Amino acid sequence: MEIIRTIKGLDAVVADAREKGLSVGLVPTMGALHAGHRSLVDRARKENDIVVVSVFVNPTQFNNAEDLRTYPHTEDADAAMLEKCGVDFVFMPTPEEVYPEPDTRVFKLGPVAEVMEGAMRPGHFNGVAQIVSKLFAIVKPTRAYFGEKDFQQIAVIRRMVEIEGFDVKIVDCPIVREDDGLALSSRNVRLSAEARAVAPNIRRLLVASLDLKKQGYSPVEVARLTEDAINNVEGLETEYYQIVDAATMQPIMEWNQAGPRGAVGCVTVYCGGVRLIDNIRY
């Protein structure tokens, strides 16, 4: 495994791979890697000749300076994990390398980026589009891998690919969870022992909401009842819970309004001051 710090260096190795006709799998990450990331890398390893993983805490997608400051940085541990996974190249640049000057591009991502996370974190998805488009332009991957925990982000990236015309297959991969149901997240390390004990209730109540649908409740009613149930757990406070079309990310009023990809419920919950996201398909 080779760790690469510069765009020029990364461009050189992937260009060589492409000249040899090799397929390239890209796994973009912000580090603090866990088993969820490993599942993405393992799939990329199975489906491509070369695997590139980026480890970069992208400042342009943080609309909260404190969130950026406290985001975990575990570069040595990340590199050790990736080497065990059989990664070929790890791109670990500095912010100055990625953004030698401010990235002023504004992506017209449309409605898919204007709800939920887009509404709560202004500028977040534009920052995501900035860094992912940079990586796609450098690596020109055959496939790129993203975890479904960030469900809306995948929809936004698909839209960005459509706008920019990148020739890449976006591969969405299932959420990896702890034994008690908590979705793996780099932010979980910030949970206190008390908050960690409470956090699995998020998944428990999402699963319970499936029964509400079976009982005939509408998406709006299921969302309201589920949000109330989460808020009734001491230590949990929802920022939003919306049931949306899985492709467009637009809220649905009735179950039959969901398109071919179905409906998904997306939730953001504050647990002990840590912002956690999760989702469930209906």
Side-chain angles (χ1 to χ4, degrees), residues 1-7 9-58 61 72-93 98 128-162 164-178 183-186 188 246 261 277 279:
M1 185 182 82
E2 181 179 350
I3 295 177
I4 300 171
R5 304 283 183 179
T6 66
I7 291 173
L10 180 61
D11 181 65
V13 296
V14 293
D16 180 65
R18 289 193 301 270
E19 286 176 7
K20 294 176 180 176
L22 302 177
S23 59
V24 179
L26 172 66
V27 183
T29 83
M30 292 210 301
L33 304 181
H34 49 66
H37 296 105
R38 186 166 60 240
S39 72
L40 304 182
V41 174
D42 288 346
R43 183 160 176 185
R45 181 73 282 168
K46 291 176 182 176
E47 297 179 353
N48 301 277
D49 299 312
I50 299 293
V51 175
V52 177
V53 177
S54 63
V55 176
F56 178 64
V57 181
N58 175 42
Q61 69 190 68
H73 292 70
T74 57
E75 188 174 289
D76 291 342
D78 293 344
M81 174 190 284
L82 295 173
E83 186 159 26
K84 289 180 181 178
C85 291
V87 170
D88 298 287
F89 303 105
V90 179
F91 183 45
M92 286 186 170
V98 176
V128 170
Q130 287 175 340
I131 185 59
V132 175
S133 65
K134 278 179 174 283
L135 291 170
F136 284 1
I138 299 164
V139 178
K140 298 180 178 64
T142 312
R143 303 172 187 86
Y145 297 79
F146 298 89
E148 286 190 340
K149 182 175 69 67
D150 297 290
F151 198 91
Q152 186 180 7
Q153 176 176 276
I154 297 175
V156 169
I157 290 170
R158 290 187 192 279
R159 176 59 181 150
M160 184 273 292
V161 166
E162 181 181 354
E164 297 296 305
F166 287 112
D167 182 17
V168 56
K169 180 180 180 182
I170 304 300
V171 182
D172 46 341
C173 301
I175 297 173
V176 177
R177 300 182 180 277
E178 299 281 7
L184 291 183
S185 169
S186 301
N188 290 354
R261 297 190 66 193
I277 63 174
N279 60 74

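Nothing here was measured: the structure is a model prediction, and the numbers come from that model.
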Output all residues satisfying side-chain contact (heavy atoms from CB on, under 4.5 Å) with [X], sequence neighbours left out; order by chain, then residue number.
{"X": "I7", "result": "F91, E97, I138"}
{"X": "R5", "result": "I3, E75, M92"}
{"X": "M81", "result": "L33, R38, C85"}
{"X": "R45", "result": "V51, D88"}

Below 3.5 Å, can you tabulate the donor-acceptor pairs from side chains in residues 147-156 to any protein atom, sequence neighbours excluded?
unit_1 : atom_1 : unit_2 : atom_2 : d
Q152   : OE1    : E117   : N      : 3.1
Q152   : NE2    : V112   : O      : 3.0
Q152   : NE2    : V115   : O      : 2.8

Salt bridge D167-K140, side-chain N to carboxylate O under 4.0 Å:
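Salt bridge flag = no for K140 with D167.
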Treating S186 as the side-chain partner and A32 as the backbone partner, does any N or O pair qualify as donor plus acceptor under 3.5 Å?
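Here the side-chain-to-backbone pair exists.
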N/O donor-acceptor pair under 3.5 Å between K169 side chain and T142 backbone
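Checked: no pair found.
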Option from T74, D78, L184 for which side chain to side chain contact (heavy atoms under 4.5 Å, CB included) with H34 holds
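That would be L184; it is the only one of T74, D78, L184 passing the side chain to side chain contact (heavy atoms under 4.5 Å, CB included) with H34.
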Is any side-chain heavy atom of N188 closer than 4.5 Å to one of S185?
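Of all side-chain heavy-atom pairs linking N188 with S185, at least one is under 4.5 Å.
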Under the side chain to side chain donor-acceptor pair (under 3.5 Å) test, which residues partner [X], sequence neighbours left out?
{"X": "S133", "value": "R105"}
{"X": "Q61", "value": "N58"}
{"X": "N48", "value": "R143, Y145"}
{"X": "Q130", "value": "T60"}

Residue pair E47, R43: steps toward the salt bridge (charged side-chain N to carboxylate O under 4.0 Å, His left out) verdict:
CA-CA 6 Å; E47 297 179 353; R43 183 160 176 185; 2.9 Å; yes
How would you list all residue pairs meeting salt bridge (Lys or Arg N to Asp or Glu O under 4.0 Å) that involve residues 11-34, not counting sequence neighbours?
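Salt bridge (Lys or Arg N to Asp or Glu O under 4.0 Å) check on residues 11-34 returns D16-K20.
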Using the salt bridge (charged side-chain N to carboxylate O under 4.0 Å, His left out) criterion, which residues pair with E2? Sequence neighbours excluded.
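E2 satisfies salt bridge (charged side-chain N to carboxylate O under 4.0 Å, His left out) with no residue once adjacent residues are dropped.
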Could you tell me the separation between the CZ atom of F146 and the CD1 atom of I157, rounded to the nearest 0.5 Å?
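If I round to the nearest 0.5 Å, the distance is 3.5 Å.
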Atom pair CG (L26) and CD1 (I50), whose distance is rounded to the nearest 0.5 Å
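One finds 13.0 Å between CG of L26 and CD1 of I50.
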Testing the basics here: between D49 and G21, what is the closest heavy-atom pair and its distance to 0.1 Å?
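That would be OD2-O, 4.4 Å.
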Could you go step by step and tell me if V176 and H37 meet the side-chain contact (heavy atoms from CB on, under 4.5 Å) rule?
CA-CA 9 Å; V176 177; H37 296 105; over 6 Å; no
Residues in ring pair (Phe, Tyr, Trp, His ring centres under 6.0 Å) contact with F136, at least two apart in sequence or another chain:
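Only F166 meet the ring pair (Phe, Tyr, Trp, His ring centres under 6.0 Å) criterion with F136.
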